[in-house]
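The model shown is predicted, which means the values in this text are computed figures rather than measured ones.
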Amino acid sequence: MEWKEALPLLQENHTAVAISVTPKGHAQSTVVSTALLDGKLAFASRPHTVKVKNIQRTGRATVTVIKLDTRRYVTVEGPASVEPWQDTPAHIKRLKDLYAAMGRASKNDEEFAKQMRGEQRSLILVTAERLYGSLRSGT
């Protein structure tokens, strides 16, 4: 599967399962909301979660984005980076850009910044090294 073929599903659907690998080599999966940011698949997370710790340790993640009504999906595997929480206008703007790309109701900047300060969300960005999935009926 090519990136341009996967783009429509990735841009229009935001429900996903993020998979990381534990220190014992087990898969750890979590439901996340995703969007595209900087040409990568991204999601936000509180900083002390198992998935963030696993991704920081391995530098990799797999994320499957699902179109729930048709059960079509795209899986993105590859290098992953964590942008840890920073109480800076630049980090809060990147988080707001991510949430806007997910189609979440836009809050005013002050309310959004207050919420992010409370949650101290990190950004996780996955570069598509390998793409696969099911985009058409019967595949």
Once you round to the nearest 0.5 Å, how far does [atom1] of [X] lie from [atom2] of [Y]?
X	Y	atom1	atom2	value
S81	I124	OG	CD1	8.5 Å
W85	H91	CH2	NE2	5.5 Å
M116	Q120	CE	CD	11.0 Å
F112	R104	CZ	CZ	9.0 Å
L95	E119	CG	CD	9.5 Å

Sequence-distant partners of E129, side chain to side chain contact (heavy atoms under 4.5 Å, CB included), two or more places apart: R60, P79
Report whether [X] and [Y] are members of the same hydrophobic cluster (ILVMFWY, side-chain heavy atoms less than 4.5 Å apart, transitive linking).
X	Y	answer
L41	I19	no
L7	V126	yes
I55	V17	no
I66	L135	no
V74	W3	yes

Ion pair check, K93 and D109, cut-off under 4.0 Å: no
Presence of salt bridge, K4 and E2, under 4.0 angstrom: no
For a quick test of reading the model, state the closest non-hydrogen atom pair linking [X] to [Y] and the distance between them.
X	Y	answer
L98	A44	CD2-N, 3.7 Å
Y73	L9	N-CD1, 4.0 Å
N108	K96	C-NZ, 3.8 Å
S33	F43	O-CB, 3.2 Å
R46	V52	O-CG2, 3.7 Å
V63	A16	CG1-CB, 3.7 Å

Residue pair I92, D87: steps toward the side-chain contact (heavy atoms from CB on, under 4.5 Å) verdict: CA-CA 7 Å; I92 292 169; D87 193 354; 3.8 Å; yes
A side-chain contact here means heavy atoms from C-beta on lying under 4.5 Å apart; do [X] and [Y] qualify?
X	Y	answer
P47	S122	yes
V32	K51	yes
L37	D97	yes

With a 3.5 Å distance limit and no angle check, can you tell me whether [X] reaches the backbone of [Y] through a side-chain donor-acceptor pair?
X	Y	result
D38	K40	no
R57	V21	yes
R117	Q115	no
H48	K53	no

Stepwise side-chain contact (heavy atoms from CB on, under 4.5 Å) check, L123 with V82: CA-CA 6 Å; L123 273 170; V82 176; over 6 Å; no
Set of residues satisfying side-chain hydrogen bond (donor to acceptor under 3.5 Å, both in side chains) with respect to T62, sequence neighbours excluded: none
Pairs flagged by side chain to side chain donor-acceptor pair (under 3.5 Å) wherever residues 8-29 is involved - sequence neighbours left out: S20-Q28, S20-N54, Q28-T30
